[in-house]
K.L.:
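First the structure, which I've put down as structure tokens, then a few questions once you've had a look.
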Amino acid sequence: MCGIVAYVGNRQVTALLIEGLKRLEYRGYDSAGVAVVTTGGIKIGRTVGRVSVLENHVAETGGFDGNLGIAHTRWATHGPPTEANAHPHCGTTRDGQTVALVHNGIIENYAALKKYLTDKGHQFTSQTDTEVLAKLIAELYQGNLEQAVQAALHEVTGAYAIAVVTDAEPYTLVCARKGSPLIIGIADNSYVVASDASAIISHTSQVITLDDYQVARLHAEPKDARNPGNGWNADFRTTTIDNVLVSREISQLDMDLQQIELGGYAHYMLKEIMEQPEAIRNCLRGRIDQRECRVVLGGLAKHTRELVRAKRFLFTAQGTAYHAGLIAEYLFEDLVKVPARCEYASEFRYRNPIIEDSTVAIAISQSGETADTLAALREAKERGALALGAVNVVGSTIARETDAGVYLHVGPEIGVASTKAFVGQVLVLTMLALYIGKRRFLSDPVVSSYLRELDKLPDYIARVLEQSDHVRDCVQRHIHRDNWLFLGRGYNYPVALEGALKLKEISYIHAEGMPAAEMKHGPIALIDKGMPVVFLATQGSQYEKVISNIEEVRARGGSILAVATEGDSVIERYAQSVFYVPALPEALQPLVAVIPLQLLAYHAAVLRGHDVDKPRNLAKSVTVE
């Protein structure tokens, strides 16, 4: 994995592919490559490092002229980041033609396939699983690239999104997917393929999305090969790997180019933190009916009775989305009065989970493509659960495979470290709890009080964001410390986990989040003079207990940074630094309490000189298990 761009059509392809790779840089990668079908055969460039290195390398070779090409940014799985391991990878057909391929995913049976191909005389130059697939397609090629791809995929176990070209068919691009996203943009006399819509939107907003085990053959060639300016013919078809024709609906991308550009901000992460008030307005729009005292979630209308009668709610997610699911545990047991549990998706499907009658499984994912979360959702669904999704990307795999769901509508998130999507996830889950809770036992006055606060949420977040400079100044005093603790109770315990994760992700500072009371059961041994300890100390049912935990840290010389409620003057007696958030009911406090922690992590990374938008070793969307 990580990013795929491919093109066939009436434009020169190299600059278009490089531009597409640059738009995918936020996903995280360690090497890049491009292959272009030219009149002299397939030309390939591969480099370690940033896309700019590849761009310079291609320019130094004199450039690649052609109308068909594939490109890739790689995040290492099999083999370290080297030029040999970078994509595209190639195979040679029996007639001496070249097949070039880029691939996201993992070929699980690559070792057996590699032995088979080695026995056939193929020689390997990389440590990757991907090279096996390129050579397998070449071995099976008999004059029709589409058929060779279909045949090869019958032999493959694992996950893949691939784009394949051969110099034997200089106007044909074949792509396929299973378990890893792939989108086909349809433009005038051309097609652009990518693993992410951000690489397509500058060319077209008309797209089709492949489902698992589907193959697309995209063809575009000039009407007059001697004079391409006289026009082009273009056509495509989609099939299964069994060569059964399938019809794919053309849809409209739910984004525009302006949303994925920096717009004057230093980093995408900062832009997305600062645009959270508007993102939350978009998430709330049309969903809060104050007059009728209700939450409107149209995507769930057909399943309302099942949701009200549910006996258990299961949330499944990874990373930041998992923390949103942990908050949902509290929300649903508090507001819906039904047992709830959040599971790591990567563990859920491998322990023979028990799915009781009337269980609702809710998959949480920004991209809607997280491989572990998708697999856990399928497992729960197969065992009889009603499957719901809370995702940001319209038309993503999780959105398509659930029985129903709710989109976040917070706009594209480019920063690898999730910010606005996390708040959007928590907000959607909060609205879902109120939606069900009102139909079970919550009174109108109680629901109305929550809805009034949610309506004010964008303004509340804007107030917290005004403290950005104050947060930076406080972080500056502790930036030399390599170990931090984040502590919270109740609803704020998952917020502590999220704050620690953000700091780890982009500043590379070791940080741990935990329940504040758990500190005494071992981790308190870590506290020495000056160690930064961040407390979620908003006023609520456990406020006094949090103050006691703060006292325990102070007694051991720790430096206290606290997130506290506006108007709380007591906290200043205990903490060296305080970040204030508006007063809200406990169930809504995570929506504002996390904002200072996002700013803290961002400023820590900048002060340490790190690349905030491209943190090492991380990918935005993890599409392999």
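The first residue of the sequence shown is numbered 1, and numbering continues consecutively from there.
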K.L.:
Is I280 close to L284 at the side-chain level, that is, under 4.5 Å between some pair of heavy atoms?
P.N.:
yes

K.L.:
Just so I know, are the side chains of K614 and V416 near enough to count as touching, which here means a heavy-atom distance under 4.5 Å?
P.N.:
no

K.L.:
According to ring-ring contact (aromatic ring centres under 6.0 Å, His included), who are the partners of Y265, at least two apart in sequence or on a separate chain?
P.N.:
none

K.L.:
With a 4.5 Å heavy-atom cut-off, do N492 and F535 have their side chains touching?
P.N.:
no

K.L.:
Please check: side-chain N/O of S195 versus main-chain N/O of I4, any donor-acceptor pairing under 3.5 Å?
P.N.:
yes

K.L.:
Is there a side-chain contact between L561 and P532 (heavy atoms, below 4.5 Å)?
P.N.:
yes

K.L.:
Distance from I506 atom CD1 to M269 atom CE, nearest 0.5 Å?
P.N.:
3.5 Å

K.L.:
Please give me the minimum heavy-atom distance between V426 and A324, naming the atom from each residue.
P.N.:
CG2-CB, 4.0 Å

K.L.:
Return all side-chain donor-acceptor pairs below 3.5 angstrom for residues 586-596, not counting sequence neighbours, or 'none' if the list is empty.
P.N.:
residue: E586; atom: OE1; partner: S541; partner atom: OG; Å: 3.3
residue: E586; atom: OE2; partner: S541; partner atom: N; Å: 2.8
residue: E586; atom: OE2; partner: S541; partner atom: OG; Å: 3.0
residue: Q589; atom: OE1; partner: T538; partner atom: OG1; Å: 2.6
residue: Q589; atom: NE2; partner: Q539; partner atom: O; Å: 2.9
residue: Q589; atom: NE2; partner: L584; partner atom: O; Å: 3.1

K.L.:
Strictly distance-based, threshold 3.5 Å: is any side-chain N or O of T73 a donor or acceptor partner for the main-chain N or O of G3?
P.N.:
yes

K.L.:
Suppose we screen for salt bridge (Lys or Arg N to Asp or Glu O under 4.0 Å). Which residues come up paired with E333, at least two apart in sequence or across chains?
P.N.:
none

K.L.:
For a quick test of reading the model, state the closest non-hydrogen atom pair linking E19 to S202 and the distance between them.
P.N.:
OE2-OG, 3.2 Å

K.L.:
How many angstroms lie between atom OG of S548 and atom CD of Q542, to the nearest 0.5 angstrom?
P.N.:
11.5 Å

K.L.:
Measure from NZ or CZ of R50 to the centre of the six-membered ring of Y29 and say whether it is under 6.0 Å with the direction within 45° of the ring axis.
P.N.:
yes

K.L.:
Between H603 and S468, is there a donor-acceptor pair closer than 3.5 Å when you use the side chain of the first and the backbone of the second?
P.N.:
yes

K.L.:
Can L427 and M431 be said to form a side-chain contact (heavy atoms from CB on, under 4.5 Å), step by step?
P.N.:
CA-CA 6 Å; L427 178 56; M431 288 191 287; 4.1 Å; yes

K.L.:
List the residues meeting salt bridge (Lys or Arg N to Asp or Glu O under 4.0 Å) with R489, not counting sequence neighbours, and say none if there are none.
P.N.:
none

K.L.:
Return yes if some donor-acceptor pair links the side-chain N/O of E329 with the main-chain N/O of C342 below 3.5 Å, else return no.
P.N.:
yes

K.L.:
Which pairs of donor and acceptor atoms, one on a side chain in residues 477-484, lie under 3.5 Å apart (sequence neighbours left out)?
P.N.:
residue: R477; atom: NH2; partner: S577; partner atom: OG; Å: 3.0
residue: R481; atom: NH1; partner: K529; partner atom: O; Å: 3.0
residue: R481; atom: NH2; partner: D528; partner atom: OD1; Å: 2.9
residue: D482; atom: OD1; partner: R608; partner atom: NH1; Å: 3.4
residue: D482; atom: OD1; partner: R608; partner atom: NH2; Å: 2.6
residue: N483; atom: OD1; partner: H510; partner atom: ND1; Å: 2.9
residue: W484; atom: NE1; partner: R481; partner atom: O; Å: 3.2

K.L.:
Please assess V58 against T47 for the test side-chain contact (heavy atoms from CB on, under 4.5 Å), listing each intermediate value before the final yes or no.
P.N.:
CA-CA 10 Å; V58 171; T47 57; over 6 Å; no

K.L.:
Applying side chain to side chain donor-acceptor pair (under 3.5 Å), which residue pairs with at least one partner in residues 590-600 are found, sequence neighbours left out?
P.N.:
Q276-Q598

K.L.:
Is the shortest side-chain N to carboxylate O distance from R554 to E552 below 4.0 Å?
P.N.:
no

K.L.:
Return yes if some donor-acceptor pair links the side-chain N/O of T370 with the main-chain N/O of T373 below 3.5 Å, else return no.
P.N.:
no

K.L.:
As a quick check of understanding, evaluate salt bridge (Lys or Arg N to Asp or Glu O under 4.0 Å) for E275 and K420, giving each step before the final call.
P.N.:
CA-CA 8 Å; E275 69 186 14; K420 67 178 182 178; 2.6 Å; yes

K.L.:
Give the intermediate values and the outcome of side-chain contact (heavy atoms from CB on, under 4.5 Å) for residues V410 and N282.
P.N.:
CA-CA 6 Å; V410 297; N282 292 334; over 6 Å; no

K.L.:
Identify, with sequence neighbours excluded, every residue that meets side chain to side chain contact (heavy atoms under 4.5 Å, CB included) alongside A583.
P.N.:
T565

K.L.:
Are the side chains of V533 and L487 in contact, using a 4.5 Å heavy-atom criterion?
P.N.:
yes

K.L.:
Give a yes or no on whether the backbone of D372 and the side-chain of Q318 come within a donor-acceptor separation of less than 3.5 Å.
P.N.:
no

K.L.:
Check the side chains of T316 and E343 for a donor-acceptor pair under 3.5 angstrom, ignoring hydrogens and angles.
P.N.:
no

K.L.:
Within the distance-only criterion (no hydrogens, no angle test), does the side chain of N104 pair as donor or acceptor with the backbone N or O of A161 below 3.5 angstrom?
P.N.:
no

K.L.:
Could you tell me which residues satisfy side-chain hydrogen bond (donor to acceptor under 3.5 Å, both in side chains) with Y574, sequence neighbours excluded, listed by chain and number?
P.N.:
none

K.L.:
Taking the side chain from H470 and the backbone from F579, do they hold a donor-acceptor pair closer than 3.5 Å?
P.N.:
no

K.L.:
Measuring only between side-chain heavy atoms, which start at C-beta, is L331 closer than 4.5 Å to V336?
P.N.:
no

K.L.:
I want to check something: taking the side chain as every heavy atom from C-beta on, are I18 and L54 in contact at a cut-off of under 4.5 Å?
P.N.:
yes

K.L.:
Hey, is K502 close enough to E505 for a salt bridge, meaning N to O under 4.0 Å?
P.N.:
yes

K.L.:
For the aromatic rings, using the six-membered ring if either is Trp, is the centroid distance between Y322 and F315 under 6.0 Å?
P.N.:
no

K.L.:
Got a second to check how far R46's CZ is from N85's CG, nearest 0.5 Å?
P.N.:
8.5 Å

K.L.:
Taking side-chain hydrogen bond (donor to acceptor under 3.5 Å, both in side chains) as the test, write out the residues that go with E347, two or more places apart.
P.N.:
none

K.L.:
Return yes if some donor-acceptor pair links the side-chain N/O of D568 with the main-chain N/O of I571 below 3.5 Å, else return no.
P.N.:
yes

K.L.:
Donor-acceptor pair, distance only, cut-off 3.5 Å: does the side chain of S449 make one with the backbone of V446?
P.N.:
yes

K.L.:
Who pairs with Y493 by side-chain hydrogen bond (donor to acceptor under 3.5 Å, both in side chains), at least two apart in sequence or on another chain?
P.N.:
none

K.L.:
side-chain hydrogen bond (donor to acceptor under 3.5 Å, both in side chains) with Y602: which of R472, H267, E272?
P.N.:
H267

K.L.:
Identify, with sequence neighbours excluded, every residue that meets salt bridge (Lys or Arg N to Asp or Glu O under 4.0 Å) alongside R281.
P.N.:
E278, D459

K.L.:
Taking only residues two or more places apart in sequence or in another chain, which ones pass salt bridge (Lys or Arg N to Asp or Glu O under 4.0 Å) with E518?
P.N.:
none

K.L.:
Grab the two heavy atoms, one from G33 and one from L21, that are nearest each other, plus how far apart they are.
P.N.:
O-CD1, 4.0 Å

K.L.:
How close do A399 and V393 get, counting heavy atoms only, and between which atoms?
P.N.:
CB-O, 4.4 Å

K.L.:
Output, in order, the C-alpha distance, side-chain angles, deciding distance and verdict of side-chain contact (heavy atoms from CB on, under 4.5 Å) for I200 and R23.
P.N.:
CA-CA 9 Å; I200 290 177; R23 294 201 181 279; over 6 Å; no

K.L.:
Can you give me the closest heavy-atom contact between A500 and G513, atom names plus distance?
P.N.:
CB-N, 3.5 Å

K.L.:
Check the pair Q366, S418 against side chain to side chain donor-acceptor pair (under 3.5 Å), reporting the backbone distance first and the verdict last.
P.N.:
CA-CA 8 Å; Q366 189 283 135; S418 180; over 6 Å; no

